[in-house]
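To start, the structure under review is shown below, and the notes come after it.
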Amino acid sequence: MTVATATYKNLIGGEWVDSSDGATFEVKDPANGELLGVFPESTREDVDRAVAAARGAYDKWRLMPAPHRGEILYKAAEIMVERKEDLAREMTREMGKVLAETRGDVQEAIDMLYYMGGEGRRMFGEVVPSELPDKMALSTRLPVGVVGAITPWNFPIAIPSWKLAPALICGNTVVFKPAEDTPILSLRLVEILIEAGLPKGVVNVVFGHGAVAGDAIVKHADVDLITFTGSTATGKAITKGAAEDLKRVSLELGGKNVIIVHEDADLDLAVEGIVWSAFGTSGQRCTAASRIVIHEKVYDEVAKRVVAAAEALTLGHGLEDGTDVGPVINQKQLDRISSYRAIGEADGATLLTGGERATEGDLADGFFYKPTVWGNVSPKARIAQEEIFGPVTALIKVSSFDEAIAVANDTTYGLSSSIFTKDVNLAFKAMRDLYTGITYINAGTTGAEIQLPFGGTKGTGNGHRDAGTAALDVYTEWKALYIDFSGKIQKAQIDELTF
Ligand code: UN1
């Protein structure tokens, strides 16, 4: 397969421009190393110009009625529906995951554009009674200003849509730095927004790496809000960098997501859910199931079936028919995932399958890692505590429901959790007691829909949520309005009322 290599530019104030010093970086297919594109390596100066363009476009955009902003998002969704297949194919080349999953990624962006387009005609505030006569009290939303959006490579178009669509519908302008591994698909989203009628300067794109371009956005005095999805370490650095200006920071960080298999579970369902959640997207989802907590009565059976299913998965290029699992994103991630083999052994866990690169035939040209299952993992082991972000999962044996919940909650993360059980009482206890932002009953840990809040507790974030109406709280400031039509100066909490 030959793919035309293109040279791309930053988008600043509606103009396509090179980086200020002309530096570039390359983007390659993780399955075979093919060169796909050359991108500007943005400097602090480029970020300064992008922020100035976003600020310049802000007043016009915030004053456009929200339903009109919504129409641009609807139009973008419609264009994306038409191009879904092409976008999905291009994404598989750039990011590696299989075509069914890249179609899902594009669909998630379509869903988000439609959903947030609808918010243009909702974006509800509140009207509440005033404690004084002839006075009205209500709340409404104001945009925050210039949003710096920094996004990861694992959902190259969906996650940018989670940031850009709500930011835009609320009336903010944006400086967007997509992940350096997947800039092509992120750029496609912006191109589509422009085609749908987005005015110049409302979204500005600076390509590059976190150390310079990302850092410049985070520390820029004229950026009001940083929205970031990525690692917990980077999230902490962003929080510190943004503290000087007291910027609002919305973070979606790591996960160590858990599936509980209770003794009464439907094991066919549970095994299918485990395999999909652990090895789909090569385990590179924030929501991937990297811990499976299994009741001792069914542990051996579940372990046997999960190992057999993992070994039956076909690795290959995501565009080839029959591929179940694509490559991981890059050499650095491959090295990181590989390093957990020795860590798991040192933890005293039993390697049941995988634990090494896959190098048969063409796989040697890409970053392929065998689906890996560790057995008899201690809940405190590093492979049960640290986010590996690859096709690796840890089986943990427990002897009761209460122990399962305690083990499930015993991590520094809190994104997604699930339980397989037929006992309705236990299902409700799990919904209440699993301290995560998302809990599934009789399903795996992945597959969140965009109309509900997405995010997690503890080290997974800082209390904000992507998606759903909760996202509106990230991208707006609440404003309270009091309208006194009594013709007097009335004093709240002071005036004695007689009726
Ligand atoms: C992520 O991995 O950061 O729920 C996002 C899911 C997807 C989104 C994952 N809808 O797995």
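Indexing begins at 1, ligand by ligand and atom by atom, following the structure's order.
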Kindly say whether C286 contributes a backbone atom to a donor-acceptor pair with the side chain of N257 at under 3.5 angstrom? yes
Is it the case that the side chain of R69 and the backbone of I169 share a donor-acceptor pair, with hydrogens and angles ignored and the cut-off at 3.5 Å?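 Yes, R69 side chain to I169 backbone: donor-acceptor pair under 3.5 Å.
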May I ask you to establish whether [X] and [Y] are in a cation-pi arrangement, using a distance under 6.0 Å from NZ or CZ to the six-membered ring centre and at most 45° from the ring axis?
X: K370; Y: F279; result: no
X: K397; Y: Y299; result: yes
X: R382; Y: W374; result: no

Residues two or more places apart in sequence or in another chain: which of them pass side-chain hydrogen bond (donor to acceptor under 3.5 Å, both in side chains) with T457?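 Scan of T457 (side-chain hydrogen bond (donor to acceptor under 3.5 Å, both in side chains), adjacent residues dropped) gives none.
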Near ligand 1, which protein residues have a heavy atom under 4.0 Å away? E108, N154, F155, I159, W162, R285, C286, T287, T446, G447, A448, F454
